[in-house]
Amino acid sequence: MTHTEDTQVGATLRHVDGRPEFLHPLPTLPPREESYVNNGNQSDQSPPPGPETQEKRFSFPTAFTILFGLIIFVAALTWIIPAGEYTREMNQELGEEVPVPGTYHEVESDPQRLLISMLMAPVDGMYDTDTNEARAIDVALFVLMIGGFLGVVTRTGAIDAGMSRTMQALKGREIWMIPFMMALFALGGSTYGMAEESLAFYGLIIPVMIAAGYDAVTAVAMIMLGAGIGTLGSTVNPFATVIASNAAQIPFTQGIWLRVVILVLGWLACVFYVMRYAKRVKANPETSLVADMREENRQHFLGGKSSLEAIEFTTTRKIILVIFALTFAVMIWGVSSAGWWMGQMSALFLGAAILIGIIARLGEKNLVNTFLDGARDLLGVALIIGVARGVVVIMDKGKITDTLLYWAEQAVGDLPSVAFINVMFWIEVLLSFFVPSSSGLAVLSMPIMAPLAEFAEVSRHLVVTAFQSANGLVNLINPTFAVVMGGLAIGRVGYDRWLKFMGPLLLILVIMICAVLSLGAL
């Protein structure tokens with residue numbers, strides 16, 4: 001990877017004239033003044049403010065500003081919403097303390113001071129400053145390791161050569177990458193809850209799709225919607241289905257066929273939607289939601305080339321690509337079968353980067369500098385993860401999370417079956433905005449909400465399905481979910497543009513989910 005002064009996140013693939021030579025320093029790109037935090041909402045070439053530019057059109061806030069605003073909003077809620085708690089007891093199957101139904105009681109309030117909360121929340125989001133226990137800092141470190149790994153692989157020219165061969169092989173059929181890749185990501189989401197791990201794939205897929213004539217939104221949608229719809233339709237996902245079923249005191253296999261129906265219908269809807277958008281963009285690039293950043297993105301992800309030129313596919317580069325693919329395969333195996341999490345995955349990418357550097361004969365200095373450059377490119381993503389987690393921290397410190405859950409418990413009393421399951425779905429949608437973690441929300445809400453199903457003559461497994469569908473749906477756009485904000489940052493897609501892209505699809509998915517849940521209740 002070339003060393004530049006550019007600090008925009010997602011610039012993990014920069015090459016010059018299609019001729020990356022890993023034994024010699026590459027030319028540097030001219031520095032740009034806009035930083036990553038603009039998140040793609042305005043051009044680098046904007047003129048300095050002057051009399052003629054005083055009246056500018058509204059610019060959507062950056063991801064950091066949105067999240068800081070949410071922190072202030074939630075902190076303000078702690079002054080309004082009564083503090084309360086459920087009594088908790090240890091659940092041996094979950095290995096965690098869960099709330100006990102009927103034990104909610106008000107406690108002394110702890111309203112959060114706005115300014116201090118705003119400044120401390122990102123720090124507390126990374127690690128608990130009272131106990132020094134990790135919160136999101138392991139995910140942030142994982143992201144930095146991915147950046148360094150991709151920087152080293154890119155520096156060797158192997159990715160350029162591999163993409164060039166891929167484009168030659170798929171010429172005229174690139175559109176079929178969309179359903180194939182989205183099926184793989186959906187499989188990962190449905191079986192083991194693929195989320196943070198998906199951040200590793202953006203640097204690979206975005207350049208391929210841009211080179212094929214599509215845009216960054218198409219590539220981001222392939223990954224985020226693929227893994228997201230898999231999580232929404234989880235079948236055996238241990239972080240959603242299994243934990244929620246255990247908390248609801250039912251086998252996780254109950255209701256699996258209903259969840260398969262949601263998974264298949266959701267996947268078909270998302271694939272059709274993304275392919276339709278991609279075809280429109282390829283036919284007319286001006287219809288892209290990031291059309292104003294077209295050349296800027298090509299500079300970032302393709303080194304400014306109009307297409308991927310033929311690059312020599314040497315034996316060394318072939319070996320590097322094999323190691324590159326094996327690294328991801330080992331990561332998936334480790335998470336799904338060996339109990340790995342962020343620490344082990346971070347070590348895997350670090351070790352793979354060192355191995356590739358040795359094979360490519362980068363030399364000690366070039367290897368270290370290239371790795372640091374790659375990590376620096378994703379520094380903004382790592383920081384945004386802590387800020388996003390800070391929103392949840394404020395809720396917990398203000399002791400209003402259980403109060404919201406108690407209000408939800410009261411809202412579904414004495415409802416008929418169809419109304420009950422639909423209200424339950426929307427309650428879980430609301431809770432998911434404040435508690436994006438599927439496992440965290442399952443442990444919090446299922447012990448309270450699942451037993452209520454019996455009063456409405458609804459099976460508990462339907463409540464589990466409503467929970468995971470709601471949580472998966474919200475986490476396609478949730479600004480407090482680090483995977484969403486991190487993925488958009490890497491792809492340089494503004495949050496407002498992502499909402500515009502997702503609007504019609506969200507409506508389709510909501511109608512589909514509510515229809516399936518209603519049929520299940522009947």
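All heavy atoms count here, side chains included; hydrogens, waters and symmetry mates do not.
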| task | Give the C-alpha distance, both sets of side-chain angles, the deciding distance and a yes or no for ring pair (Phe, Tyr, Trp, His ring centres under 6.0 Å) between Phe149 and Phe324. | result | CA-CA 9 Å; Phe149 168 76; Phe324 181 83; 5.6 Å; yes

| Taking it one step at a time, do Val483 and Asn475 satisfy side chain to side chain contact (heavy atoms under 4.5 Å, CB included)? | CA-CA 8 Å; Val483 174; Asn475 281 346; over 6 Å; no

| task | Output, in order, the C-alpha distance, side-chain angles, deciding distance and verdict of side chain to side chain contact (heavy atoms under 4.5 Å, CB included) for Arg497 and Val217. | result | CA-CA 9 Å; Arg497 306 187 193 203; Val217 175; 5.7 Å; no

| From CA spacing to verdict: side chain to side chain contact (heavy atoms under 4.5 Å, CB included), Leu379, Leu144 | CA-CA 7 Å; Leu379 179 60; Leu144 294 178; 4.2 Å; yes

| request: Apply the test side chain to side chain contact (heavy atoms under 4.5 Å, CB included) to residues Leu509 and Leu476: give CA-CA distance (whole Å), side-chain angles for both, the deciding distance (0.1 Å), then the verdict. | output: CA-CA 11 Å; Leu509 293 176; Leu476 297 177; 3.9 Å; yes

| Worked check of side chain to side chain donor-acceptor pair (under 3.5 Å) between Thr231 and Gln468 | CA-CA 8 Å; Thr231 304; Gln468 69 175 46; over 6 Å; no

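Here the closest non-hydrogen pair linking Gly203 and Leu150 is CA-CD1, 4.1 Å. Shortest non-hydrogen contact noted between Ala442 and Pro447 is O-CD, 3.6 Å. Taking each heavy atom of Ala240 and Phe467 in turn, the nearest pair found is O-CE2, 3.9 Å. For Ala360 against Ile320, the heavy-atom pair with the smallest separation is CB-CD1, 3.9 Å. The heavy-atom pair separating Ser234 from Thr241 by the smallest distance is CB-OG1, 3.1 Å. Val281 and Ser288 make their closest contact through CG2-CA, 3.9 Å (heavy atoms, listed as atom of the first residue, atom of the second, distance).
Side chain to side chain, Arg259 and Thr235 fail the donor-acceptor criterion of an N or O pair below 3.5 Å. Under 3.5 Å, the side chains of Thr370 and Asp373 contain no donor-acceptor pair of N or O atoms. Side-chain contact of Asn471 with Ser438: a donor-acceptor pair under 3.5 Å is absent, judged by distance alone.
In this structure, the side chain of Trp79 engages the main chain of Gln112 through a donor-acceptor pair within 3.5 Å. In this structure, Thr156 contributes its side chain and Ala158 its backbone to a donor-acceptor pair below 3.5 Å. Remark: the backbone N or O of Leu187 is not paired with any side-chain donor or acceptor of Ser190 at under 3.5 angstrom. The closest donor-acceptor contact from the side chain of Ser469 to the backbone of Ala466 lies at 3.5 Å or more, if one exists at all.
In this structure, CE on Met209 lies 4.5 Å from CE on Met222, to the nearest 0.5 angstrom. In this structure, CG on Asn478 lies 10.5 Å from CG on Leu473, to the nearest 0.5 angstrom. We find the CG-CE distance between Leu141 and Met126 to be 10.0 Å, quoted to the nearest 0.5 Å. Taking CE of Met449 as the reference point, atom CG of Leu444 lies at 10.0 Å (rounded to 0.5 Å). Taking CG of Leu348 as the reference point, atom CG of Leu326 lies at 10.0 Å (rounded to 0.5 Å). Atom CZ of residue Phe349 and atom OG1 of residue Thr327 lie 6.5 Å apart, to the nearest 0.5 angstrom.
Aromatic rings from Trp498 and Phe501 are positioned such that their centres are separated by under 6.0 Å. The aromatic ring centres of Phe185 and Phe201 sit less than 6.0 Å apart.
With a 4.5 Å cut-off on side-chain heavy atoms, Met345 and Met145 do not count as touching. Contact annotation: the side chain of Leu441 never approaches that of Met446 to less than 4.5 Å [non-hydrogen atoms, C-beta and beyond]. With contacts defined as side-chain heavy-atom distances shorter than 4.5 Å, the pair Pro479/Leu70 qualifies. Residues Ile513 and Leu232 form a side-chain contact, since some pair of their non-hydrogen atoms from C-beta on lies under 4.5 Å apart. In this structure, Val474 and Pro436 have side chains that are not in contact, with every pair of non-hydrogen atoms separated by 4.5 Å or more. Looking at Leu505 and Leu225, their side chains come closer than 4.5 Å, going by heavy atoms from C-beta outward. Side-chain atoms of Leu488 and Met224, non-hydrogen and from C-beta on, do get closer than 4.5 Å to each other. Two residues are said to be in side-chain contact when any heavy atoms from C-beta on lie closer than 4.5 Å; Asn297 and Asp215 fail this criterion.
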